[in-house]
Amino acid sequence: MTTTRDHVLARVRRNQPAWRELPQLPSFARRADGRLEAFAAALKRMGGSFAAAPAGALDAFVRARFPDARVICSATPEVAGTRSTAAVRDPRELADVDVGVVRAAFGVAETGSVWLSERELGVNAIAFLSQHLVVLLDPEAIVADLHDAYRAPGFGDARYAVLMTGPSATADIEGVLIRGAQGIRSLTVVAVSAPAAPSVDAPRRSA
Amino acid sequence: MSRVDHAEASSRFIEAKDHAEFHDKRLWDLRKKRDAETQAIPEWEELRSLASAIKEHTLSHLGDYLVEFERNATANGMVVHWARDAAEHNQVVYEILQAHGVTTLVKSKSMLTDECEMRPFLANRGIETMETDLGERIQQLDDEPPSHIVVPAVHKLRGDVAEVFGRTIGTDPGNSDVAYLAESQRRQTRPYYLKAEAGMTGANFAIAETGSFVVCTNEGNADLGANLPSLHIASIGIEKLLPKLEHLGVFVRMLSRSALGSPITQITSHFRAPRPDSEIHVVLVDNGRSDRLGMDDFWYSLKCIRCGACMNTCPVYRRSGGLSYGATYSGPIGVIIDPTFNLRKYSSLPFASTLNGSCTSVCPVKIDIHEQIYKWRQIIAERHQLPMVKKEAMRLAGKVLSSPRLYRAAVEAAAAGIEKLPRSLVYNPFNAWGRQREVPAAPAQTFRQWYLKHRRGGSR
Amino acid sequence: MKVALFVPCYVDAFFPEVGIATLELLERLGCEVDYPLEQTCCGQPMANSGCHAEARDTEALFARNFAGYEHIVTPSGSCAHHVRDQLTAIGQTAEVTAVRRSTRELVEFLHDVLGVREFPWAEFPHKVGLHIGCATLRRLREASASEIGEPAFSKPARLLGAVKGIEIVHPERVDECCGFGGTFSVDEEPVSAKMGHDKVADHLAAGAEVIVSPDMSCLMHQRGCAQRSGAPIRFLHIAQVLNGSAA
């Protein structure tokens with residue numbers, strides 16, 4: 001008895017059109033400079049905010065930016081917040097998070113996107129349940145475009161990887177743009193150089 | 001099954017003037033945004049050629065890529081299922097949910113699940129599905145199908161949404177402020193993500209090389225649904241395959257630019273393996289796709305990445321609305337796919353087109369949409385699915401126009417008719433041309449008559 | 001240069017002045033114009049309705065009438081497109097292939113073959129909205145399409161622009177289809193009429209006094225809409241303007 005799998009594959013193989021060649025992807029010429037500026041501009045266009053590294057401590061910066069925040073959950077040792085993702089057992093616990101803080105692996109100048117996987121997020125849901133998200137990004141870790149982004153080695157290991165570009169949004173009702181749809185209401189990228197070596201306390205649990 | 005009468009449905013759509021005007025302007029605006037974005041990329045036409053070639057290659061090797069995807073996805077810890085048709089898809093999904101004791105499912109936008117009519121199937125078996133995409137949710141609450149594959153409620157004005165929400169989720173029906181309505185849906189839906197036992201998504205792309213799939217959204221709903229419950233089901237049409245990760249550089253660059261005129265969706269997620277203590281089930285669905293793959297003229301429609309750019313540029317779609325097509329897929333792509341689901345039911349759709357061809361120009365994967373529309377017309381005529389009146393008119397036209405003598409007699413009779421009949425007879429209910437337009441006046445002589453009088457010679 | 005003139009059926013029947021202007025213009029430019037007397041139609045109405053078989057005899061008649069001419073010119077972009085790209089209901093003999101290849105729309109012929117750039121006998125001191133039919137635009141590639149990022153060009157505009165006194169004004173939706181679409185105009189009358197009325201309103205809003213096009217079929221439809229709504233706008237085929245026959 002043929003399984004559905006066999007049935008579908010047999011039909012597909014029988015009906016496949018004649019062989020078409022796979023094209024080689026060209027490398028599109030890109031300017032090497034100006035990536036940070038391009039990234040910041042693209043991010044703003046997509047509704048995100050860009051901030052230079054603050055003079056003082058990052059914790060103070062986050063509190064000043066979100067003075068009404070009661071729960072600040074951090075996935076990075078660079079910011080203490082009020083809670084660490086390392087302590088989270090179930091992602092639903094993050095439902096009360098006002099501000100999530102993470103460090104992105106890299107950014108993409110073309111689109112203003114930041115790349116995050118379970119390693120950077122600690123708990124994936126932090127990027128969607130938090131009301132606001134603060135993303136630390138090393139200004140040296142910005143690739144030119146999406147072609148470069150898809151060459152990133154992280155895709156090979158990550159169970160879950162997301163390119164986030166600004167806050168959640170919708171224009172489903174009369175084309176009116178609403179920033180802050182069902183996910184984060186705001187996304188702030190702070191250009192902070194990555195720490196010299198990975199901290200042994202860096203949250204590695206993925207949930 | 002009765003034929004969809006697109007013209008009749010459009011007539012009702014156009015009568016609702018405010019709605020029709022907004023619909024046309026809104027989608028034209030998306031077309032303009034698409035133009036601005038794509039024309040800012042010097043290599044856009046090259047990307048289109050690449051995307052088309054990658055898809056054609058993939059479809060010509062689809063069997064191998066499906067096997068490669070399944071192997072890698074399975075090695076990653078995902079469970080891969082197959083479904084030959086809509087019924088089997090629904091049954092497979094139901095069995096997965098039942099095995100996990102699921103009674104509430106949160107779901108992000110998936111045209112495939114609409115195509116399979118999954119929601120009522122599950123509802124009849126005690127599983128509540130909540131659409132979480134705002135546009136799909138509006139339509140679900142209004143018990144109406146989505147009208148556009150990217151912006152499902154584009155045919156509604158804010159007052160309509162206020163009325164629907166007021167009636168169903170307890171908002172103030174008199175408050176049509178868009179931010180208020182969106183926030184209301186956010187607050188109403190959020191508890192469901194937290195309590196749902198399962199989340200369901202579609203997939204924009206499935207990568208054979210990595211055994212992963214990609215979900216492109218703006219609202220955050222798909223990723224809430226996928227990252228909170230410990231069961232994630234993804235329904236994926238078999239034509240969504242791409243060979244390698246690097247190909248996403250091309251397709252992710254093109255998708256949102258084509259759809260909405262933005263460089264990328266706010267959230268582009270890549271699922272390669274389940275979280276620890278969670279499961280991901282992928283359902284690979286055929287439902288007529290393998291049949292279409294074997295159609296020499298029409299398999300190109302399988303390249304479609306569901307961007308909706310063809311709908312936005314189509315002047316007919318903009319003025320008739322997606323619901324007038326009576327199918328899950330509407331607009332130009334719907335017109336060339338739907339006849340494969342039911343030739344008779346959808347036989348009027350390929351005629352809901354002026355063959356202007358702008359759809360073909362904007363398609364990121366270079367589907368020759370207008371050419372397929374032309375070919376579908378031939379098939380419909382050959383398979384006797386043309387309305388009788390039209391078939392007869394064409395038979396008569398073919399007879400008259402191939403005979404110089406009959407042609408000249410007909411021209412003279414038409415001129416006399418227009419000239420001599422009273423206006424009330426010329427503009428009668430059978431004269432469709434004359435409902436909203438004047439018929440051309442009959443000239444004193446035809447060109448041929450003038451030529452014979454004023455030039456000697458004629459033909460060789 | 002010897003040229004065979006194909007006058008589309010609806011031009012012959014309803015707009016002979018367009019055929020006359022075309023013929024006179026070609027003669028002014030030194031062409032010896034033949035008009036095969038047994039011509040009727042190119043077969044497009046049947047073919048576009050999917051009625052391939054019903055188009056066969058008409059297409060055969062067309063091919064017979066125009067066999068042997070090096071240049072076949074017609075004041076209709078959609079007809080030229082049909083002949084060049086879709087005349088396939090008949091066997092593709094060497095003769096048929098030659099007829100297909102040799103058929104051009106008037107503007108193409110003037111611009112590409114004769115290389116005409118001036119019309120010193122013509123004067124048209126009016127604001128003109130130029131309409132290019134979709135087959136003429138996208139299939140014959142007589143102008144750049146707004147949805148494609150390509151260097152702007154327009155053969156009809158180039159020719160019209162040479163006419164003394166003319167001012168070309170642009171509607172907001174430069175190349176949106178006007179909604180004629182052949183039998184679409186009758187089969188999908190509600191949408192077709194809406195598109196036609198929208199197109200006329202767009203040109204009016206841009207200040208056009210006259211809509212000029214290489215496509216009389218589009219104009220016939222738009223004019224029908226304008227006449228019904230009482231819109232104060234005239235319609236002329238490009239041949240009439242270039243020939244100086246309509247002031």
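In what follows, every chain begins at residue 1, and chains take the letters A, B, ... in the order their sequences are listed.
Within the 4.5 angstrom heavy-atom criterion, only backbone atoms of A/Ala158 (N, CA, C, O) approach chain B. For A/Ser117, no part lies under 4.5 angstrom from a heavy atom of chain B. Contact annotation for B/Arg257: only side-chain heavy atoms (C-beta onward) come within less than 4.5 Å of a heavy atom of chain A. Looking at A/Arg13, only its side chain comes within 4.5 Å of chain B, counting heavy atoms on both sides. Contacts between B/Pro243 and chain A at a heavy-atom distance below 4.5 Å involve the side chain alone, from C-beta outward. Residue contact with chain B, scored on non-hydrogen atoms closer than 4.5 Å, involves the side chain of A/Arg45 exclusively. Only the side chain of A/His7 comes within contact range of chain B, with at least one heavy atom under 4.5 Å from a heavy atom of that chain. Both the backbone and the side chain of A/Tyr160 come within contact range of chain B, each with at least one heavy atom under 4.5 Å from a heavy atom of that chain. The contact between A/Ala161 and chain B is made by backbone and side chain atoms together, counting heavy-atom distances below 4.5 Å. Neither the backbone nor the side chain of A/Ala127 comes within less than 4.5 Å of any heavy atom in chain B. Within the 4.5 angstrom heavy-atom criterion, no atom of A/Asp145 approaches chain B.
Proximity of A/Thr165 to B/Thr265: side-chain heavy atoms (C-beta onward) are nowhere separated by under 4.5 Å.
Contacts classified as salt bridge (charged side-chain N to carboxylate O under 4.0 Å, His left out) and involving residues 179-188 of chain A (residues at least two apart or in different chains) are given here: A/Arg185-B/Glu183.
Residues satisfying the salt bridge (charged side-chain N to carboxylate O under 4.0 Å, His left out) criterion with B/Arg158, sequence neighbours excluded, are A/Glu174.
Atom CD of residue A/Gln182 and atom CD of residue B/Gln185 lie 4.0 Å apart, to the nearest 0.5 angstrom. A distance of 13.0 Å separates CD1 in A/Ile178 from CG in B/Asn218, rounded to the nearest 0.5 Å.
Of the listed residues A/Met164, A/Gln131, A/Arg151, the one with more heavy-atom pairs under 4.5 angstrom with chain B than any other is A/Gln131. Ranked by heavy-atom pairs under 4.5 Å with chain A, the list B/Leu224, B/Val250, B/Asp296, B/Ile238 is led by B/Leu224. Note on A/His147, A/Arg5, A/Gln24: by heavy-atom pairs under 4.5 Å with chain B, the leading option is A/Arg5. Contacts with chain A were tallied for B/His23, B/Lys156, B/Glu88; B/Glu88 has the most, counting heavy-atom pairs under 4.5 Å. Ranked by heavy-atom pairs shorter than 4.5 Å toward chain A, the options B/Asp29, B/Leu284, B/Val67, B/Leu260 are led by B/Val67.
Residue A/Pro26 comes nearest to B/Glu46 through the heavy atom pair CG-OE2, 3.5 Å, listed as atom of the first residue, atom of the second, then distance.
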